[in-house]
Amino acid sequence: MAGAAETRLVSGDTSRSNAVAAAAVALAAVLFVTSLAALFEVITISDPFAGVPVVTVLGGTLSLLGVAVITFGVGSYVGAVETEPSRSAGLVAAVVFGVVWFAVGGAVTSRVLGIGGVAWAFVALLTGAVASAVTAVPREDIGSTLPAGAVTLLAGMTFLTGSVGPAWVWELEFEQQASLTAEFAIPVVTLFCALLAGWAAAKAYGGFGARGRKMGAYLLIYLNAGSIVSVLFILIAFTAFRGIPGLLNGTEFGLGTGPTVFGFALPVSIPFVMHGVSLFNDFQGVLPAIAGTIWLVVGAVLFAVPLGVGAAIFLTEYAERGRFTQVVEVATNGLWSTPSIVFGLFGFAFLIPRFGGGKSLLSGMLTLGFMLLPLVLITSREAMLAVPDEYRDASAALGVSKWQTIRSVVVPAALPGVVTGVILGVGRIAGETAPILLTMTGGTFVPGERTVDVIGGFEFVSTPPFVANPELLRATTALPFQLYALITAGVGLGDNVSSPTEFQWATALVLLLVVLSFYAIGIGARYYFRRKLDYE
Amino acid sequence: MIGTQVLAARNAVTQQVRALSNFIEDQDPTALAVVSVMTGALLVAFAGFLSVSSLAIVPFSIFVVAAGYGWLNHQGLTARMLTFAMTVGTILILLLITVFIFVESIPVFVYESTTVFGISVPGLRMFTQAEWDAVSPPIRYSMVPMIHGTVMVTLIATAVAAPLGISAALFLSEIAPATLREAVKPGVEILAGIPSIVYGFIGFTILSPWAADQFRTTGQGSYLFVGIVVGLMALPTVVSVAEDALSSVPESMKSGSLAMGTTDWQTMASITIPAAFSGVSAAVLLGVGRAIGETMAATVMLRGVPQLTKPLYNAFYGQSTLTSLIANNYGEADGLQMDALFAAGVILFITVLAISVGSQYIEWRMRRKLGGEN
Amino acid sequence: MSKTTSTTETDRTDTERVGTTTGETDEHVRDEWRDYSFDAPTKIGVEDLDVYYGDDHALDGVSMDIPEQSVTALIGPSGCGKSTFLRCLNRMNDRVSSARIDGSVTLDGQEVYQEGVNLVELRKRVGMVFQSPNPFPKSIRENISYGPEKHGDIDTGLLARVLGRSDEAAREDLVEQCLRDAALWDEVADRLDDNALGLSGGQQQRLCIARCLSVHPEVILMDEPASALDPIATAKIEDLIAELSQEYTVVIVTHNMQQAARISEQTAVFLTGGELVEYGDTDQIFEDPESDRVEDYITGKFG
């Protein structure tokens with residue numbers, strides 16, 4: 001029947017040509033990493049590498065990569081390499097290469113030839129159009145390798161010949177002055193060319209056609225996923241690296257060194273998290289901010305969780321699904337995406353006049369509670385909707401009342417989802433700065449003895465509202481605010497802190513640890529519950 | 001046509017009323033009394049709280065006592081009433097936010113009125129001229145520089161977050177082997193968990209000085225790098241929503257394509273992404289919403305001077321966004337200037353709310369399309 | 001024809017896996033159908049195919065040869081592995097990460113499970129129709145031309161149109177031909193641009209068959225193609241299958257024994273535990289099965 005003879009079921013041995021393409025991909029990967037290192041000044045481009053300046057090495061490697069990619073494409077076109085190219089590289093590639101070559105043409109005419117005005121645009125348009133045509137019209141093996149290889153080769157030659165050297169500067173004639181320097185431009189161009197050529201080489205590795213496209217796309221997608229994870233890793237590792245010295249400043253181990261908790265002296269003393277700021281301290285710390293954050297979270301959870309879970313119960317179990325529930329759903333989702341600073345403004349306008357007219361811990365708690373509320377509502381509702389109706393029917397069929405069913409069937413079944421959602425939400429609000437900025441926080445360096453003590457602060461008074469708690473109504477501090485204040489107030493916050501930078505990084509680290517531990521618990525809880533469900 | 005609609009509506013209403021009266025008849029009279037007391041007390045307490053009265057504690061205590069009594073004796077009805085009250089409370093909060101922010105911003109809208117064709121349009125001058133000066137006369141509260149800043153930051157952030165986010169979502173939902181997914185997914189979540197002030201701090205201490213050095217700008221703070229940082233922060237939102245959308249494309253559609261002999265990538269590009277297109281665009285929209293509302297990173301990394309950059313597309317300089325304006329100026333602001341900050345809040349609130357509702361509508365349509373007609 | 005391998009037989013001495021009703025007689029009966037030979041040459045040969053999903057043994061040493069240009073029905077109770085078997089023939093089970101596959105499947109004598117197999121080519125030659133209709137959310141025309149466009153056989157994209165090398169005419173011919181072959185042309189000829197999801201269930205399933213034909217397969221695998229359809233639509237599909245077997249090798253999974261009896265030339269009976277108990281001419285299987293268990297199953301005592 002038709003189609004049987006066109007291609008063989010088992011592809012032939014292409015290991016040698018594949019090795020060339022794979023080498024090109026590897027070369028692109030090396031260039032990618034090197035250019036990143038150069039961008040963040042791990043490598044300096046003017047420094048010598050094996051006797052040659054790094055910029056020259058980059059130029060040479062780029063040229064090599066460009067030549068390899070073009071060679072492979074041409075080799076495939078003349079039939080020296082066994083591939084299955086499509087008729088054209090496609091519209092997307094044509095547009096991308098058109099734009100790339102538009103920029104190349106423009107840059108070359110204006111920077112190298114020094115032509116401005118209309119001629120610049122004309123040349124740029126022309127090169128762009130030619131590149132588009134070269135991509136779209138010939139077979140895929142030429143269309144996807146030639147423009148990518150040529151741009152890589154051109155960049156390589158520019159660096160190699162020194163047309164763009166370490167001293168190169170492009171003065172952008174802006175009113176607010178800015179310029180592109182070689183130490184930025186060279187790594188970025190290298191990065192970009194490595195991506196283009198790497199993509200083309202990956203396509204070649206897949207033998208073009210459907211498989212080649214998949215290879216090219218997968219290369220970029222895997223690279224992206226890898227980059228995201230590395231950014232995360234670098235962020236955390238960097239903060240830890242910079243923060244640990246400050247955090248462990250003056251740490252002592254040994255019996256009786258630490259502060260006394262519940263009548264026991266802790267066997268470890270970490271002044272940074274166990275002290276506030278005082279003239280007599282050897283080492284200053286952020287204990288009041290930690291206490292403030294903890295109380296904030298406790299208050300917000302006490303406010304938002306009952307309210308949110310209750311509302312979710314009503315919406316899921318009692319209310320008829322219709323216009324009303326839909327409106328509430330839209331409203332809660334809207335509330336969830338409302339910027340945190342708007343919550344801050346609201347707290348400022350609504351809560352502060354009602355709690356004594358000044359910033360207070362209570363206002364902060366409620367503002368964060370407002371922020372947490374929609375998330376609790378959304379996740380609880382999702383968890384309850386996921387409880388199968390059979391459970392409710394089975395319970396109702398036994399003659400159990402609706403509320404009893406909810407209490408003993410629906411809520412327990414939905415609990416894992418609710419708990420996980422709440423923990424992740426708490427992680428989010430614990431790191432929020434903007435809302436508490438306007439509603440709760442006062443000074444930066446709070447002495448250790450001013451650590452809030454909400455429980456001990458309650459007292460009865462003779463005038464309404466009869467119960468008062470000055471601790472709740474006093475402005476205090478919290479970790480995110482403390483970090484903000486440290487940044488905006490700049491360095492040199494007084495003689496109390498010996499090394500302001502260390503103090504800042506240590507604060508950032510403690511904040512990160514607090515927030516990430518909530519996340520770790522939340523994600524861990526989800527795994528635990530899922531596993532339990534799987535094996536039950 | 002309209003007549004029948006009215007009739008139907010009236011029928012619905014009478015049905016509801018009848019259902020309600022039946023419901024009330026079914027209940028124990030004491031339970032009803034308790035619930036009525038609770039409702040009344042709660043309403044009075046709320047009114048008292050709104051009017052800044054310390055006496056609001058009295059009806060609130062009555063409510064608590066009544067609720068406690070009801071819980072012990074008539075748990076079902078009390079629970080129902082309580083959960084209903086909680087629902088109403090949640091809606092009230094949204095209403096209160098809207099009302100309070102609007103009300104506080106009214107004076108500045110009045111102050112910044114301009115006459116167009118003989119009609120005075122409140123607030124128009126905030127958008128027609130670009131001068132913000134809260135100190136020396138003429139006092140002007142223009143929102144134009146901040147809107148420009150927000151637009152710049154949002155554009156750059158979207159350019160970062162949308163392609164990377166969609167690609168990561170594809171990776172997670174379609175490509176990654178199970179073990180890799182289990183590793184990357186929590187990673188993305190943790191990325192969402194890093195507090196914005198920590199991003200801002202790293203941006204401020206590392207990125208800003210570096211950028212100022214690289215681009216030889218005067219002073220620190222550029223929309224370009226704030227945009228990149230904010231894009232990184234909006235990334236997890238895009239990833240998780242887009243991943244949900246992609247996974248909601250029925251497996252049978254994907255299998256159908258694969259069984260034709262297409263590659264995974266062809267199936268993604270021609271079946272999965274087009275089918276999930278609306279969900280993916282909703283994800284990008286939500287990411288845009290996050291970027292617009294991002295405060296702390298912008299506040300600490302920008303210059304905080306309410307001005308336009310020159311020229312307008314000069315992203316190497318960063319002045320101020322709507323969010324950073326509020327965070328920078330709330331301290332010394334009072335009177336009209338504070339109201340101007342509320343006006344910035346109103347603009348933010350409306351924009352983000354519109355984006356949220358829009359993306360929900362898109363998602364709802366997609367669910368209907370994939371689920372309903374199939 | 002495949003030869004009996006004694007090793008797999010000795011493994012299967014435990015009676016647990018075999019239905020409790022007829023466990024004793026099972027051993028020697030199994031061998032007899034293997035001597036059965038068909039007139040037509042073999043299209044697909046399966047040898048000792050084992051499939052595991054994690055710890056679950058889904059297919060247990062299945063061997064059978066499927067003759068060319070005929071309808072072969074796979075019947076058996078649900079969960080007996082017949083769908084799994086079908087999905088092994090075009091390697092759709094590769095999608096399931098927990099699946100482990102041992103044994104050999106050959107297409108025209110070429111091993112399907114070997115290094116370097118071009119899955120694109122395999123699935124072009126071995127098409128598949130699924131249990132519930134799964135048209136793409138595109139127009140009817142695009143549904144048909146999807147496969148050929150993706151394989152680069154026709155190109156009507158924007159770029160091709162700009163460059164003046166669009167294959168519109170070829171596409172129109174192909175669409176009409178496939179829809180006619182799938183007995184759908186008369187019903188949809190005037191609305192080829194409508195969304196395929198707007199068709200009725202039976203029309204959707206015939207569209208899926210037409211879509212499958214568009215890449216000129218040699219084998220068509222059908223996984224209970226009529227189970228989600230009403231009797232009239234089912235009858236249409238059955239007629240179509242008979243028609244298709246003139247040209248294509250059709251392998252169809254069904255749980256409907258009457259259907260298998262009506263449309264197939266050969267029938268294979270799978271029973272619980274993923275074993276192939278009997279395979280032979282459909283008439284013989286339904287009138288005089290060798291295995292007691294198969295007889296029990298067909299008469300409704302078992303399964």
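Just so we're clear, the structure is a prediction, and the values are computed from it rather than from any experiment.
- Using a distance-only test at 3.5 Å, with no hydrogens or angles considered, a donor-acceptor pair links the side chain of Thr181(A) to the main chain of Gln214(B).
- Residue Val169(A) touches chain B through its side chain alone, counting heavy-atom pairs closer than 4.5 Å.
- Proximity to chain B involves both the backbone and the side chain of Phe184(A), based on heavy atoms less than 4.5 angstrom apart.
- Of the inter-residue distances, the one linking Trp336(A) atom CH2 with Leu286(B) atom CG reads 11.5 Å to the nearest 0.5 angstrom.
- Using a 4.5 Å cut-off between heavy atoms, Thr338(A) touches chain B through backbone and side chain atoms alike.
- Note on Glu104(B), Glu189(B), Lys185(B): by heavy-atom pairs under 4.5 Å with chain A, the leading option is Glu189(B).
- When side chains are defined from C-beta on, Thr295(B) does not count as touching Thr433(A), because their heavy atoms never get closer than 4.5 Å.
- Note: Phe348(A) and Phe342(B) have tilted aromatic rings, judged against thresholds of 30 and 60 degrees for the angle between ring planes.
- With a 4.5 Å cut-off on non-hydrogen atoms, Glu182(B) touches chain A through its backbone and its side chain both.
- Using a 4.5 Å heavy-atom threshold, the side chains of Gln326(A) and Trp364(B) count as touching.
- Heavy-atom pairs under 4.5 Å with chain B were tallied for Val231(A), Val327(A), Leu307(A), Leu345(A); the largest tally goes to Leu345(A).
- Judged by the 6.0 Å distance and 45° axis criteria, Arg216(B) is not positioned over the aromatic ring of Trp170(A).
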Begin with the C-alpha distance, continue with both residues' side-chain angles, and end with the deciding distance and a verdict on side-chain hydrogen bond (donor to acceptor under 3.5 Å, both in side chains) for Ser167(B) and Asn224(A). CA-CA 7 Å; Ser167(B) 146; Asn224(A) 171 52; 2.7 Å; yes

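- Here the side chain of Arg428(A) pairs no donor or acceptor atom with the backbone of Gly193(B) at under 3.5 angstrom.
- Taking CG from Leu232(A) and CG from Leu235(B), the interatomic distance works out to 11.0 Å, rounded to the nearest 0.5 Å.
- By the 4.5 Å heavy-atom criterion applied to side chains, Phe201(B) and Thr507(A) are not counted as neighbours.
- For Thr332(A), the part lying near chain B is the side chain, with the backbone staying farther off; criterion is any non-hydrogen pair under 4.5 Å.
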Start with the C-alpha distance between Trp403(A) and Arg80(B), add both sets of side-chain angles, then the distance that settles side chain to side chain contact (heavy atoms under 4.5 Å, CB included), and finish with yes or no. CA-CA 8 Å; Trp403(A) 168 245; Arg80(B) 187 171 181 149; over 6 Å; no

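- Looking at Leu438(A), both its backbone and its side chain come within 4.5 Å of chain B, counting heavy atoms on both sides.
- Put simply, the side chain of Tyr317(B) gets close to the backbone of Gln177(A): a donor and an acceptor are under 3.5 Å apart.
- With contacts defined as side-chain heavy-atom distances shorter than 4.5 Å, the pair Thr205(B)/Trp505(A) qualifies.
- Annotation: Tyr318(A) is not in aromatic contact with Phe84(B) [ring centroid separation under 6.0 Å not met].
- Looking only at side-chain heavy atoms (C-beta outward), Tyr361(B) and Val330(A) stay at 4.5 Å or farther from each other.
- In terms of non-hydrogen atom pairs under 4.5 Å with chain B, the most contact-rich of Leu180(A), Leu235(A), Leu315(A) is Leu235(A).
- A distance of 4.5 Å separates CD1 of Ile93(B) from CZ of Phe370(A), quoted to the nearest 0.5 Å.
- Per-residue counts of heavy-atom pairs under 4.5 Å with chain B were compared for Val328(A), Leu511(A), Leu516(A), Val229(A); the largest is that of Leu511(A).
- In this structure the side chain of Ile97(B) reaches within 4.5 angstrom of the side chain of Leu335(A), judged on heavy atoms.
- When heavy atoms are compared at a cutoff of 4.5 Å, Ile523(A) approaches chain B solely by way of its side chain, counted from C-beta outward.
- When heavy atoms are compared at a cutoff of 4.5 Å, Ile101(B) approaches chain A solely by way of its side chain, counted from C-beta outward.
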Side chain to side chain contact (heavy atoms under 4.5 Å, CB included), that's the test. Do Phe40(A) and Ile206(B) meet it? Break it down for me. CA-CA 10 Å; Phe40(A) 290 99; Ile206(B) 310 288; over 6 Å; no

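- Side-chain contact check for Ile197(B) versus Ile487(A): some heavy-atom pair is nearer than 4.5 Å.
- Leu180(B) is listed as a side-chain neighbour of Tyr222(A), based on a closest heavy-atom distance under 4.5 Å.
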